Amino acid sequence: MTYTVARQILRISRLKISQQRLIDNIDGWLFILPAVLGVLAFNFFPILLSLVASFTRWDAITRPEFIGLENYVTMFTRDTFFRITFRNTLFYVLGKIPFAVVLGLMLALLTNRRVLGINFFRTAYYTPVVTSTIAIGIVWTWILSGQFGVLNHFLARVGIDGPDWLADPAWAMIGVIIVSIWHDVGYPMVIYLAALQGIPEVLYEAAEIDGATYWQKTIHLTVPLISPATFFIVILQFISSFQIFGLIYIMTNGGPANSTNVYIYYLYQNAFAWWKMGYASALAWFLFLVIGAITLLQWKMQDRWVFYS
Amino acid sequence: MLQATNPSDKERSGESRTPAGAIPLSRRSLLKSLGVGGVSLWLGNLLAACSPPASRGSAPAAGEAAAQPVEEERVIEFMNWGAVEGTPLQAAIDAFSEATGIPVKVWPVPARYEDKMRTLLAAGTTPDVMRVNDDYVRGYTVKKQLTDLRPYIEASGLNEDDFFSFIYQFPMYEGGYWAWCLGNQPRVIFYNVDLFKEAGVELPPTEWNPNEGWTWDDFLETAQKLTKGEEQFGALVYHDTGYEQTFSINNGSPSGIYSEDGLRFTLADPEGVEAVQWCTDLTCVHNVQPTRGLLAQLNASQLFIGGKVAMVFTGSTTAIDFRNNITDFEWDIAPVPMRKKRFTEGSLIVFCIPRSAKHPDLGWQLLEWMTNQEMGELFASTRYFIPIRKSAAATLEPDGSPPNNVKLLAVANEYQTTVNFTENTERARQIYRPQLDLVYTCKESAETVLNQVRPEVEAALAGKF
């Protein structure tokens with residue numbers, strides 16, 4: 001009895017506190033209300049709408065027709081392009097992320113020195129990240145040209161007959177990956193740079209006293225201590241790489257022969273070329289689940305390799 | 001609905017406790033009022049922005065009735081892709097407004113026209129006249145988005161014999177007439193006269209002989225004579241997808257890419273396969289056509305303008321580009337080469353009156369005006385497109401600047417072929433066209449690729465996926 005009364009009092013007092021807190025914070029709520037409404041109207045509502053649309057057949061003109069799980073069934077049983085584009089996307093993701101992370105770390109190690117003009121190099125390496133994807137795509141299309149491209153010109157100088165990068169189905173995705181790494185590598189570099197500068201100097205001094213070489217310090221000290229940064233970079237890279245679109249749209253349009261047709265590009269084609277809004281929504285939700293599952297898995301596995309000092 | 005708050009309401013809410021009913025103004029209440037007011041204003045603006053324009057026939061509020069004109073404003077809203085200003089279309093619109101006193105408001109859509117069109121159709125907020133891609137006319141017709149123009153055509157007393165019949169019949173479907181073609185931009189062979197003379201090669205024919213002469217073999221032989229390694233190519237045919245229909249038809253295919261009912265993928269039939277292979281072999285076997293790799297860097301116009309290609313198969317609209325940019329050599333046009341017959345595909349200049357148009361009658365008045373003799377002559381004289389009216393197309397004459405053989409375009413209008421589009425063909429071509437890259441890059445034969453994709457393409461045509 002006493003326990004029940006005590007709980008009741010606690011509940012009322014919590015309610016009062018909660019109400020009081022709301023009253024106290026009303027000014028703040030009002031200030032953020034326009035932004036909250038904006039997010040609800042332009043983010044939350046469309047997301048919810050796309051979930052509903054994924055269970056419909058909808059051409060964006062006529063009324064959506066409810067078809068239950070048919071879009072999802074089609075995706076897994078009848079749509080060969082779903083498999084092709086998902087496979088291409090996985091190839092891109094697995095081809096890009098290891099290089100982007102390792103190169104980002106190498107650049108960070110290179111630029112983490114106190115030498116004259118280092119800020120210039122840091123800026124130069126980061127510049128592609130803030131450069132328009134459209135511009136990068138157009139310029140690299142020229143660089144990768146089989147006949148006139150600068151890359152093949154230099155390869156020819158060392159006796160290599162370069163491929164027709166973007167016109168050859170066997171090389172097109174590799175070409176896109178190269179461009180994508182060049183475009184994005186500045187971001188992991190900056191994150192790593194911040195992480196490297198957060199490592200106490202005293203740890204390196206102690207290691208040097210123990211006779212550690214540069215390589216040993218890097219492997220046994222630097223890499224573990226920047227593992228939270230690596231974890232952060234890998235998660236972000238997975239999320240963004242699964243959504244590769246801009247470079248594909250500019251450089252290859254998914255060709256040649258669907259060799260660079262990636263998941264989001266296929267989703268875009270379904271939505272805005274063939275006007276299959278319901279099916280495109282289903283594709284979007286499946287990708288959301290895949291990215292969510294991979295991120296969750298990475299989160300769960302961080303205990304095994306991420307070191308928080 | 002908002003209602004005035006009466007005193008008893010105030011009493012119940014306790015607001016009347018202050019003298020004379022005044023509400024004490026604190027910082028908090030002021031912020032609340034500003035916040036609520038601001039949010040209301042913002043939401044109001046948001047909803048207003050999303051709502052259709054006031055001129056779209058929404059009923060005026062009671063208090064506004066007196067302020068509105070009694071008669072509805074007669075303005076035609078006209079939507080076209082790209083710029084209209086400075087084009088012959090604008091001249092035709094201006095002439096219409098001057099003659100009828102009906103103003104025309106132009107909605108130019110510089111990019112992503114299809115997105116805009118779909119959105120307007122879905123919202124029911126369309127203009128009165130809309131440009132429509134000829135590929136999609138059937139799709140919009142099947143989805144019942146367009147106004148049937150047959151009653152207007154019948155009331156106008158237009159005679160089909162006055163028009164190029166193939167173009168005239170294009171918008172017909174299930175007894176209705178769902179769009180209106182102003183004209184056509186037929187595909188022909190553009191050639192560099194100087195390169196022919198330099199190589200001592202006989203110029204292509206000027207006449208459109210539907211049954212003989214200027215064959216595929218002649219074309220190949222000419223291209224070979226005009227090719228100089230990788231510096232200069234004799235021909236360019238497969239740079240875009242426009243060749244598929246023309247060359248398969250000219251190779252004896254009865255229907256081109258798709259069967260007449262739009263359910264079979266006839267490009268994969270022997271005539272179609274042979275046509276695709278022949279066009280590709282110009283690169284892979286005969287080396288007289290630029291590679292796809294080169295075409296990824298330089299488009300057909302750039303190659304022709306740069307004197308890198310001697311003959312290119314493209315639409316008549318390119319003539320405007322060539323006239324503006326070619327100053328250092330002479331060029332002209334010739335018929336498409338044939339094997340069993342000589343037809344060509346063109347881009348039709350099609351407009352529709354959407355079902356939700358506010359002024360369909362006025363919209364038709366404008367479209368009919370644009371097809372009259374005077375406007376037809378205007379379009380013909382500017383080479384903007386070849387008008388649908390035969391007598392207007394017949395006024396095409398050389399004007400001292402190329403192409404000299406401009407009358408050929410009017411003849412080409414008589415020998416038109418068009419793809420048998422359905423609402424599913426867009427999906428179908430997204431299946432087979434990327435796979436043709438394997439043929440274009442000389443890795444697979446047309447027969448292998450087209451037969452491989454055939455089941456999937458025909459499933460798409462049947463609407464199964």
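Throughout, a chain's letter reflects where its sequence line sits, starting with A, and its residues are numbered from 1. This one's a predicted model, so the numbers in the text were calculated from it and none came from an experiment.
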Side chain / backbone / both / neither for D164(A) at chain B, heavy atoms under 4.5 Å: side chain
When you look at CZ of F99(A), are more than 12 heavy atoms from neighbouring residues, nucleotides or ligands closer to it than 6.0 Å? no
Within a radius of less than 6.0 Å around CG of N43(A), do more than 12 heavy atoms belonging to other residues, nucleotides or ligands occur? yes
Counting only heavy atoms not in E447(B) (residues, nucleotides, ligands), do more than 12 fall under 6.0 Å from its CD? no
Which side-chain hydrogen bond (donor to acceptor under 3.5 Å, both in side chains) pairs, counting each pair once, include a residue from residues 241-251 of chain A, with sequence neighbours left out? none
Derivation and outcome, side chain to side chain contact (heavy atoms under 4.5 Å, CB included), residues Q147(A) and Q297(B): CA-CA 9 Å; Q147(A) 213 160 344; Q297(B) 312 306 317; over 6 Å; no
Taking D59(A)'s backbone N and O only, do any of them form a donor-acceptor pair with R118(B)'s side chain (distance below 3.5 Å, no angle check)? yes
With chain A, the option among T441(B), L294(B), N424(B), V449(B) that has the most non-hydrogen atom pairs under 4.5 Å is L294(B)
Which atom pair, heavy atoms only, marks the closest approach of A60(A) to A122(B)? O-CB, 2.9 Å
For each of L121(B), V439(B), L438(B), tally heavy-atom pairs with chain A at distances under 4.5 Å, and name the one with the top tally. L438(B)
Is it the backbone or the side chain of R112(B) that comes under 4.5 Å from a heavy atom of chain A, or both, or neither? side chain
Taking every non-hydrogen pair under 4.5 Å, which of E423(B), R292(B), Q145(B) racks up the most with chain A? Q145(B)
If you compare all heavy atoms of A296(B) against all heavy atoms of T141(A), which two are closest, and at what distance to 0.1 Å? O-CG2, 4.5 Å
Note: vs chain B, highest number of non-hydrogen pairs under 4.5 angstrom among W275(A), F148(A), W165(A), Y279(A) is W275(A)
Side chain, backbone, both or neither: which part of T119(B) has a heavy atom under 4.5 Å from chain A? neither
I need the residue from F272(A), W29(A), W142(A) with the largest number of non-hydrogen atom pairs under 4.5 Å to chain B. W142(A)
Non-hydrogen atoms of chain A under 4.5 Å away: do they reach the side chain of Y140(B), the backbone, both or neither? side chain
With a sphere of 6.0 Å drawn around CZ of F245(A), does it hold more than 12 non-hydrogen atoms of other residues, nucleotides or ligands? yes
Which atoms of T252(A) come close to chain B, meaning under 4.5 Å heavy atom to heavy atom: side chain ones, backbone ones, both, or neither? neither
Among D115(B), L295(B), L120(B), T291(B), which residue forms the greatest number of heavy-atom pairs with chain A at distances under 4.5 Å? D115(B)
Quick check: are there more than 12 heavy atoms from other residues, nucleotides or ligands sitting under 6.0 Å from CD of E65(A)? yes
Please classify the contact of K443(B) with chain A as side chain, backbone, both or neither, using a heavy-atom distance under 4.5 Å. side chain
At their closest point, which heavy atom of D437(B) faces which heavy atom of P256(A), and how far apart are they? OD2-CA, 3.0 Å
Let me confirm one number: the CG-CZ distance from N270(A) to R427(B), rounded to the nearest 0.5 Å. 6.0 Å
Contact part of I431(B) toward chain A, heavy-atom cut-off under 4.5 Å: side chain, backbone, both or neither? both
Worked check of side chain to side chain contact (heavy atoms under 4.5 Å, CB included) between E456(B) and F81(A): CA-CA 10 Å; E456(B) 205 159 357; F81(A) 283 89; 3.6 Å; yes
Once rounded to the nearest 0.5 Å, what's the spacing between atom CD of E426(B) and atom CH2 of W274(A)? 8.5 Å
Below 4.5 Å, heavy-atom pairs only: which of S259(A), G254(A), S145(A), A273(A) has the largest tally toward chain B? S145(A)
Heavy-atom cut-off 4.5 Å, strictly under: side chain, backbone, both or neither for T74(A) against chain B? side chain
